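Taking it in order: structure first as structure tokens, then the write-up.
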Amino acid sequence: MDRTKVLAMLTVLGLALVPVAAWAFDEPFWIDLFARVAIFAIAALSLDLILGFAGLVSFGHAIYMGLGAYTVGILSYHGITAGLVHFPAAIVVSALAALMIGAISLRTSGVFFIMITLAFGQMGYFLAISINAYGGDDGLSINRQSDFGSLLRLDDLHVFYYLVIVILAALLWLGFRLVNSRFGLLLQAIRFNERRMNALGFPTFRYKLAAFVISGAVCGLAGALLANLTLFVSPSLMHWFRSGELLVMVIAGGMATLVGPVLGAIIYLMLEHVLAGLTVHWPAVLGAILLLIVLFGKQGLAGILLARKKVKEAKPHG
Amino acid sequence: MADVLLSAQKVSKRFGGIVASDVIDLDVEAGTLHAIIGPNGAGKTTLVAQLSGELRLDSGEISFAGRDMTRLAMHERAQAGLVRSFQITSVVPQLTACENVALAVQAHDGHSFRCWKPARSDASLRDPALACLNEVGLAAKADRLVGSLAHGEKRALEIAMVLATRPKMLLLDEPMAGMGPEDSARLVALLAKLKQRFTILLIEHDMDAVFALADRITVLVYGRVMLTGSPGDVRTDPKVREAYLGEGAGS
């Protein structure tokens with residue numbers, strides 16, 4: 001088994017042990033913190049598929065997280081509490097949004113692609129602000145977690161935490177399968193040389209769009225989980241700053257490694273938590289630390305952890 | 001006259017005030033190796049881009065295997081069997097030689113939404129890819145990263161990728177570009193072998209290679225067809241000698 005997968009397993013194992021540590025050190029808040037970390041890890045993982053593997057810098061990825069969260073919030077607001085409705089709906093809504101946004105923005109590339117995805121993200125943000133029926137600027141409180149009956153009680157934080165970890169582990173596993181499949185290799189080849197793939201006969205647009213939709217759908221799932229954790233959704237979920245944070249998690253963690261974004265989410269949110277307790281100037285310190293990570297390892301944190309003598313021969317995938 | 005496989009009628013393209021291709025007519029007969037020569041700036045690259053679908057025509061028509069292709073996109077033309085190579089080696093350096101060719105196999109067999117099975121160990125991709133590598137003499141380098149291959153080997157890989165798409169016709173854009181004499185000789189031998197199985201349109205600067213291989217030659221000057229004929233016709237044509245070959249060429 002290759003080292004990236006080993007690192008992924010260790011990371012998931014570490015996250016799975018958090019509740020034990022929280023119990024041992026009597027810090028129950030850790031579970032809440034790491035549930036948030038794992039949810040953002042899922043979102044960052046979804047971004048890595050298009051950013052790391054397909055080379056598409058989406059600067060509006062938070063919109064799918066917001067849409068997933070709002071889907072849960074709005075359905076709850078109208079009295080629909082079934083988890084079997086919430087989650088599929090969140091995934092479908094964000095997938096459809098990704099289909100529409102991707103169909104338009106993937107016609108461009110480079111800086112234009114970044115700007116268009118940013119614009120769509122901000123449209124989502126302002127749309128959420130303007131709809132007063134669902135709280136507008138103030139956001140929307142959710143009465144209770146998605147209802148899966150007595151089998152899976154999401155209002156039990158331990159149950160919820162392990163559900164998130166299982167989903168994260170499953171997505172990592174699916175991700176490793178995907179990026180080494182025909183589809184995954186093609187995505188990576190498109191990143192390096194789209195024109196050539198076109199000349200070989202690949203309708204590259206279609207494959208990029210498919211990746212974009214998968215990515216949006218997974219990010220929407222993360223949003224639905226986040227709504228269940230915080231029981232509150234607000235427009236700020238979709239603000240471009242959130243999209244920027246996701247990009248930072250992926251880049252600092254290590255693009256095109258799948259496990260990198262998970263590490264990125266851990267390090268980013270942990271640093272934010274620790275530094276915010278120490279100084280009000282925490283973003284400056286955080287920025288400096290992230291800068292160092294990126295400077296010392298081109299492949300981010302995962303690259304540093306996986307570094308070996310044969311750096312040059314290292315393949316850009318898992 | 002044999003069947004015409006690729007036919008371009010009155011193909012034109014201008015970039016601002018510059019006429020890059022000026023009502024070009026070109027018929028490539030099935031089973032032949034047709035070469036296009038011309039000095040720098042003659043519009044050879046523009047013509048390749050037009051034939052392969054990368055550039056839209058301002059006017060004119062292109063048909064391939066009896067089918068109108070004027071409005072087809074690049075990937076659709078490749079699917080139809082007209083597959084190009086690139087003047088600047090255009091492979092994925094981070095993948096192995098075999099993985100590059102396997103992508104070309106994948107382009108042809110149409111199952112690229114498969115998300116589950118590992119592609120690298122997929123024999124239905126790897127076996128045809130190895131066969132193509134073998135054909136161009138790269139079998140021994142199959143599992144080397146492309147970045148570590150020599151220039152001549154990358155050029156051969158470029159051709160292996162085209163072969164792997166099972167084309168009806170090869171559109172080779174300066175395959176000898178940047179090659180030393182030894183590599184060139186090897187590639188000429190390869191093309192001589194391939195021309196027995198494929199129709200080839202060869203854009204090339206290397207005159208020795210062109211005259212050794214071509215059944216027909218089209219001379220392009222300033223975006224216009226100056227002459228189309230057999231290598232003998234072209235070699236002895238006074239206008240061509242003056243415009244392109246220079247004094248003493250071919251003698």
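Treat the numbers as computed from the prediction; the structure is a model and nothing was measured. Note on naming: letters A, B, ... go to the chains in the order of the sequence lines (proteins, then strands), and numbering restarts at 1 for each one.
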Is [X] atom [atom1] crowded by more than 12 heavy atoms from other residues, nucleotides or ligands, each under 6.0 Å away?
X        : atom1 : answer
B/Arg166 : CZ    : no
A/Met100 : CE    : yes
B/Phe113 : CZ    : yes
A/Ile104 : CD1   : yes
B/Ile88  : CD1   : no

Separation between [atom1] of [X] and [atom2] of [Y], rounded to the nearest 0.5 Å:
X        : Y        : atom1 : atom2 : value
A/Arg195 : B/Glu54  : CZ    : CD    : 4.0 Å
B/Leu95  : A/Asn193 : CG    : CG    : 11.0 Å
B/Arg84  : A/Asn198 : CZ    : CG    : 11.0 Å
A/Gln188 : B/Glu99  : CD    : CD    : 9.5 Å
B/Met161 : A/Met197 : CE    : CE    : 4.5 Å
B/Asp109 : A/Arg182 : CG    : CZ    : 4.5 Å

Which pair of non-hydrogen atoms, one from [X] and one from [Y], has the smallest distance, and what is that distance?
X        : Y        : value
B/Ala78  : A/Ala199 : CB-O, 3.2 Å
A/Gly201 : B/Gln79  : O-NE2, 2.7 Å
A/Phe202 : B/Leu103 : CZ-O, 3.2 Å
B/Gln106 : A/Phe183 : NE2-N, 4.3 Å

Inset, instruction - Find out whether B/Arg114 and A/Ser181 are in side-chain contact, i.e. whether some heavy atom of one side chain is under 4.5 Å from a heavy atom of the other. - result: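 In short, these two side chains do not touch, never coming nearer than 4.5 Å.
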Inset, instruction - If the plane angle is over 60° it's perpendicular, under 30° parallel, otherwise tilted; pick one for A/Trp173 and B/Trp116. - result: perpendicular
Inset, instruction - Apply the side-chain contact (heavy atoms from CB on, under 4.5 Å) test between A/Leu200 and each candidate in B/Thr165, B/Asn100, B/Val162; give the one that qualifies. - result: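 Testing each of B/Thr165, B/Asn100, B/Val162 against A/Leu200, the sole residue satisfying side-chain contact (heavy atoms from CB on, under 4.5 Å) is B/Thr165.
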